[in-house]
Amino acid sequence: MQKSGAQIVMESLIKEKTTYIFGYPGGSVIALYDCFKDYPVLHHILVRHEQGAAFAAEGYARASGKVGVCLATSGPGATNLVTGIANAYLDSVPVVYITGQVASNVMGSDAFQETDITGITFSITKHNYVVEKIEDLARIIKEAFHIARSGRPGPVLIDIPKDIFSQKTEYKYPKTVALPLNKSKLKKSDISKAVKLINSAKKPVIIAGHGIMIGGAENELRAFAEKTNMPVVLTVLGLGALDEAHELCMGMLGMHGHAAANYAVHNADLIIGIGERFDDRITGQIDELTKNTKIIHIEIDEAEINKNVRVDVPLIGDCKLVIPELIKGCSKKKNVNWLREIDSYSKNAKKTLLKIYPIKRAGKERPFTYDVVREIRKVSGPDAIIVTDVGQHQMFTCQSYEFAKPNKLITSGGLGSMGFGLPAALGAKVACPEDEVWLINGDGGIQMNIQELMTLVQENINIKIAIIQNSYLGMVRQWQEFFYNKNYASTPLLSPNYKYIAKGFGVKYLSAKRVDEIAPAVRKMNEHEGSCICEFYVKKEEKVLPMVPSGKTLGDMIISIE
């Protein structure tokens, strides 16, 4: 059957079980948008900025486990996606980005709204395509979805010249792709080496990353930890891989990680990294980390092996399949002294932190961000999806929310993109309409994509938005305080009157300025049937502690500010 390029795109998306597309129209994609009326099963969500579309598609993919789809026109439409594409690439999120391009006969001539988007995104996509012939279009879409979701997931971009949308050809969607399969490189000899190291270690620790949840290996992780009685620490994107209430879970690792987690990794004689890449934010000074420590790395992406740290035993493969092989060979252990050592350090650190951030305070006092996050946790429970933007509020949330289930935290990890929160929360709610979605955002990050409030209203999407108002770009200000003699250059932040902003967008507004106002405000947010903003005024110069200074070891973390 003869179909146009625009029809082929629509039919192919349906074959890939796409239901939602986040996008913004323009000249190069008009023919494609003209087809939406004939495909009502495809729900297009009109964002207010293409960056919002990119982040929303990522939030959708993270919450649903499906491939997100994003659509933009050529030129500025395509380049506005770049930050979102980079974010998906660093956080291993499967999204297919479809961009329009100028007509084939004027490509390369600096035509109106022409950019070389495949050249621009070459280093931040798993793969990208320019469609040169309509006959290749269906195959390319099939390959793009396969690449995005297979192995280590990631973004794929398809750039389609506008004339291809109007051309016609015989349409047949491929059943398979002619691409190399991800072959396992796991060696029995490496499993044996790893088991030997685990059984002989006196101070072992597991670093669990996002790959655990991508691979659906949460049960395997728990079984492995419980058999070997090894402490488990979590990366930011790994939060939820193991219930933080589990006795073996030491919480988040890294620059603003829990004291117990940082202490465990700093003093370990064996580190088992699973589905994580030994990012500099979690390792501190690399040379010190590996000086007296053996490292086993379980990773599906071979390119990550020995990239950031020297690995003693690489186990290349799907963690859901690799971990059971380790469990078979590992001895039951108690690690009593090691766990007692970590616990002792943790208790002392908590005493210090409680002096800085006491739980019980007078009701009239200005709250800490911790107070807000903990109250949201009480009301929302373990099943809510929590989305954050980037900054102090993000780290406060990661430290104190106590995630119990996988894929309940959606945040920008590797790229740290301010402006991520609101559109990502929108995408998450579209993916999981029955779940509560809470956005915890800073007064800086919310202003970057605040226009997406209108998308929430137009699509009747219900999310709860907590704005942490401290009148600063808080994380940068904290660094200025610690390392730049309190020279708060360009970090004091003026915000709009959010009461009138909310009214203008048609969203309910609340505020809380005292400790005793937090609980009632959070309860009212939860009870409201539509989207709601609450502005929480917190202490202006609060600090995220612990903190590991850049270039220092995990053992150099700052706990006390005295």
Looking only at atom types and distance, does a side-chain atom of [X] sit under 3.5 Å from a main-chain N or O of [Y], one as donor and one as acceptor?
{"X": "D443", "Y": "S471", "value": "yes"}
{"X": "Q478", "Y": "V544", "value": "yes"}
{"X": "D389", "Y": "G421", "value": "yes"}
{"X": "S412", "Y": "S417", "value": "yes"}
{"X": "S511", "Y": "E535", "value": "no"}
{"X": "H258", "Y": "A260", "value": "no"}
{"X": "S531", "Y": "I463", "value": "yes"}
{"X": "K429", "Y": "Y60", "value": "no"}

Contact summary for [X] and [Y], nearest pair of heavy atoms:
{"X": "R152", "Y": "R277", "value": "NH2-CD, 3.9 Å"}
{"X": "F368", "Y": "V538", "value": "C-CG1, 4.0 Å"}
{"X": "L248", "Y": "A225", "value": "CD1-O, 3.4 Å"}
{"X": "Y97", "Y": "P155", "value": "CE1-CB, 3.6 Å"}
{"X": "I465", "Y": "M525", "value": "O-CE, 3.4 Å"}
{"X": "P25", "Y": "L46", "value": "CD-CD1, 3.6 Å"}

Open item on the list: Under the criterion side chain to side chain contact (heavy atoms under 4.5 Å, CB included), I'd like the reasoning laid out for L32 against I160: C-alpha separation, chi angles, the key distance, then a yes or no.
Closed with: CA-CA 10 Å; L32 183 58; I160 307 175; 6.0 Å; no
Task: Donor on one side chain, acceptor on other, Q392 and H256, under 3.5 Å - done: no
Task: Any side-chain donor near an acceptor of the partner, Q394 and T411, under 3.5 Å - done: yes
Open item on the list: As a quick check of understanding, evaluate side chain to side chain contact (heavy atoms under 4.5 Å, CB included) for F536 and V373, giving each step before the final call.
Closed with: CA-CA 11 Å; F536 293 94; V373 173; over 6 Å; no
TODO: Look at the aromatic rings of Y171 and Y173 and report parallel, tilted or perpendicular, splitting at 30° and 60°.
DONE: tilted
Open item on the list: Parallel, tilted or perpendicular: which one describes the rings of Y33 and H44, with boundaries at 30° and 60°?
Closed with: perpendicular
What distance do [X] atom [atom1] and [Y] atom [atom2] have between them, rounded to the nearest 0.5 Å?
{"X": "I300", "Y": "I274", "atom1": "CD1", "atom2": "CD1", "result": "13.5 Å"}
{"X": "N526", "Y": "C534", "atom1": "CG", "atom2": "SG", "result": "12.5 Å"}
{"X": "T388", "Y": "Y401", "atom1": "OG1", "atom2": "OH", "result": "12.5 Å"}
{"X": "K15", "Y": "I8", "atom1": "NZ", "atom2": "CD1", "result": "12.5 Å"}
{"X": "C319", "Y": "L221", "atom1": "SG", "atom2": "CG", "result": "8.5 Å"}
{"X": "F403", "Y": "L409", "atom1": "CZ", "atom2": "CG", "result": "4.0 Å"}

Mind checking whether [X] and [Y] have side chains closer than 4.5 Å, heavy atoms only?
{"X": "T369", "Y": "N470", "value": "no"}
{"X": "R222", "Y": "N219", "value": "yes"}
{"X": "E459", "Y": "V430", "value": "no"}
{"X": "Y24", "Y": "L81", "value": "no"}
{"X": "M10", "Y": "S12", "value": "no"}
{"X": "S28", "Y": "Q101", "value": "no"}
{"X": "V47", "Y": "E452", "value": "yes"}
{"X": "Y39", "Y": "E11", "value": "yes"}

Open item on the list: Between L426 and F55, does the side chain to side chain contact (heavy atoms under 4.5 Å, CB included) criterion hold? Intermediate values first, please.
Closed with: CA-CA 9 Å; L426 185 160; F55 287 147; over 6 Å; no
- [ ] Mind running salt bridge (Lys or Arg N to Asp or Glu O under 4.0 Å) on D435 and K408 for me, showing each step along the way?
- [x] CA-CA 10 Å; D435 291 359; K408 296 301 182 183; 3.7 Å; yes
So with a 6.0 Å cut-off around [atom1] of [X], is the heavy-atom count from everything else above 12?
{"X": "N460", "atom1": "CG", "value": "no"}
{"X": "K162", "atom1": "NZ", "value": "no"}
{"X": "F122", "atom1": "CZ", "value": "no"}
{"X": "K168", "atom1": "NZ", "value": "no"}
{"X": "R48", "atom1": "CZ", "value": "yes"}
{"X": "E436", "atom1": "CD", "value": "yes"}
{"X": "F278", "atom1": "CZ", "value": "yes"}

TODO: Compute both the distance and the angle, then confirm whether K503 meets the cation-pi test with Y509: under 6.0 Å from the six-membered ring centre, within 45 degrees of the axis.
DONE: no
Task: Y370 vs E542, side chain to side chain donor-acceptor pair (under 3.5 Å): CA-CA, chis, key distance, verdict - done: CA-CA 10 Å; Y370 288 118; E542 64 178 344; over 6 Å; no
Can you give the donor-acceptor pairs under 3.5 Å from side chains of residues 207-216 to other protein atoms, not counting sequence neighbours?
from: H210; atom 1: ND1; to: D91; atom 2: O; distance (Å): 3.2

Task: Electrostatic pair R281:D279 at N-O distance under 4.0 angstrom - done: no
Open item on the list: Closer than 4.0 angstrom, basic N to acidic O: yes or no for E517 and K513?
Closed with: no
Open item on the list: Checking K524 now: which residues fulfil side chain to side chain contact (heavy atoms under 4.5 Å, CB included) with it, not counting sequence neighbours?
Closed with: L510
Task: Pair Y129-E143, side chain to side chain donor-acceptor pair (under 3.5 Å): steps then yes or no - done: CA-CA 10 Å; Y129 297 88; E143 289 181 2; 2.8 Å; yes
TODO: Determine, stepwise, if the pair T125 / V156 fulfils side chain to side chain contact (heavy atoms under 4.5 Å, CB included).
DONE: CA-CA 5 Å; T125 51; V156 179; 5.9 Å; no
Task: Partners passing salt bridge (charged side-chain N to carboxylate O under 4.0 Å, His left out) against K37 (at least two apart in sequence or in another chain) - done: D34
Open item on the list: Apply side chain to side chain donor-acceptor pair (under 3.5 Å) to residues K126 and N128 and explain how you reach the verdict.
Closed with: CA-CA 7 Å; K126 279 187 76 176; N128 61 26; over 6 Å; no
